[in-house]
Amino acid sequence: GDSVTQMEGPVTLSEEAFLTINCTYTATGYPSLFWYVQYPGEGLQLLLKATKADDKGSNKGFEATYRKETTSFHLEKGSVQVSDSAVYFCALSSGGSEKLVFGKGTKLTVNP
Amino acid sequence: DTAVSQTPKYLVTQMGNDKSIKCEQNLGHDTMYWYKQDSKKFLKIMFSYNNKELIINETVPNRFSPKSPDKAHLNLHINSLELGDSAVYFCASSPSGTGNSPLHFGNGTRLTVT
């Protein structure tokens, strides 16, 4: 079945450091790919998405590129802020399904 | 205005009890979901309803019964609660469609079974 694998956390960075969170997937067909963010005590919010190969999703300085050849959708940000501290989830939906399959989440802590 | 609201925010109860969690969305979406997040933050879908009709029912004990009185509401009733049911339960909604639509999540209900 479909699955998402993302790097284990936690990840701790200093402010203004470069961030990469790796995400790879296994899916039938051509999935849509998403990154969601969960701030403490809140529900998940969509951060960015890409629906076809080579698409780049971007939002709030975060980017991820849909790479079909490597089945990856790595999340990057050039300069993180303390306010980016949260749990980040990679997810996919495939086959026109309404069902999202999530990775296990990566907790990011950014220190001042 | 809260888009997806669920109540209660916290629920502490004893084993064997029956409890309900309510969810409402004011986004006009056709599809609603329940997800369970365990202590390690792993999220797994439980149910999905489209316009009051059940479309996804993952392998969930039948002690869990969703009910959708209308497309803006999806409640979750749990019978005979067990310790392993302790988790955060998230309601979500999306416009129905191809699966490209993002989900809008509520803030979660933290259920603790003692």
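Order of the sequence lines sets the chain letters (A, B, ...), proteins ahead of strands, with each chain counted from 1.
The distance from atom OH of B:Y35 to atom CG of A:L44, rounded to the nearest 0.5 Å, is 9.5 Å. With rounding to the nearest 0.5 angstrom, the CD atom of A:Q38 is 9.0 Å from the CZ atom of B:F105.
By the salt bridge (charged side-chain N to carboxylate O under 4.0 Å, His left out) test, B:E58 is found to be paired with A:K99, residues two or more places apart in sequence or in another chain being considered. Under the rule for a salt bridge (charged side-chain N to carboxylate O under 4.0 Å, His left out), B:K40 has no partner lying at least two apart in sequence or in another chain.
The candidate from A:L92, A:T51, A:V101 with the greatest count of non-hydrogen atom pairs under 4.5 Å with chain B is A:T51.
A single hydrophobic cluster is not seen to contain both B:L76 and B:I45; linkage of ILVMFWY side chains at heavy-atom distances under 4.5 Å, directly or through other members, places them apart. Under the 4.5 Å side-chain heavy-atom criterion for ILVMFWY residues, a single connected hydrophobic cluster contains both A:M7 and A:Y25.
Listed here is the closest heavy atom pair of B:L103 and A:Y36: N-OH, 2.8 Å. A:F89 approaches B:Q37 most closely through the heavy-atom pair CZ-NE2, 3.4 Å. Of all the heavy atoms in A:V87 and B:K41, the pair that sits closest is CG2-CE, 4.4 Å. Across every non-hydrogen atom of A:L46 and B:P102, the tightest pair is CD2-CB, 3.2 Å. Across all their heavy atoms, A:F102 and B:F42 have their closest contact at O-CE1, 3.9 Å.
In this structure, the portions of A:K104 lying under 4.5 Å from any heavy atom of chain B include both its backbone and its side chain. There is no contact between B:Q6 and chain A, counting heavy-atom distances below 4.5 Å.
Crowding of A:F18 atom CZ: a count of heavy atoms from other residues, nucleotides or ligands under 6.0 Å exceeding 12. Around CD of A:Q81, the count of heavy atoms belonging to other residues, nucleotides or ligands within 6.0 Å exceeds 12. The environment of NZ in A:K52 is sparse: at most 12 heavy-atom neighbours from other residues, nucleotides or ligands sit within 6.0 Å.
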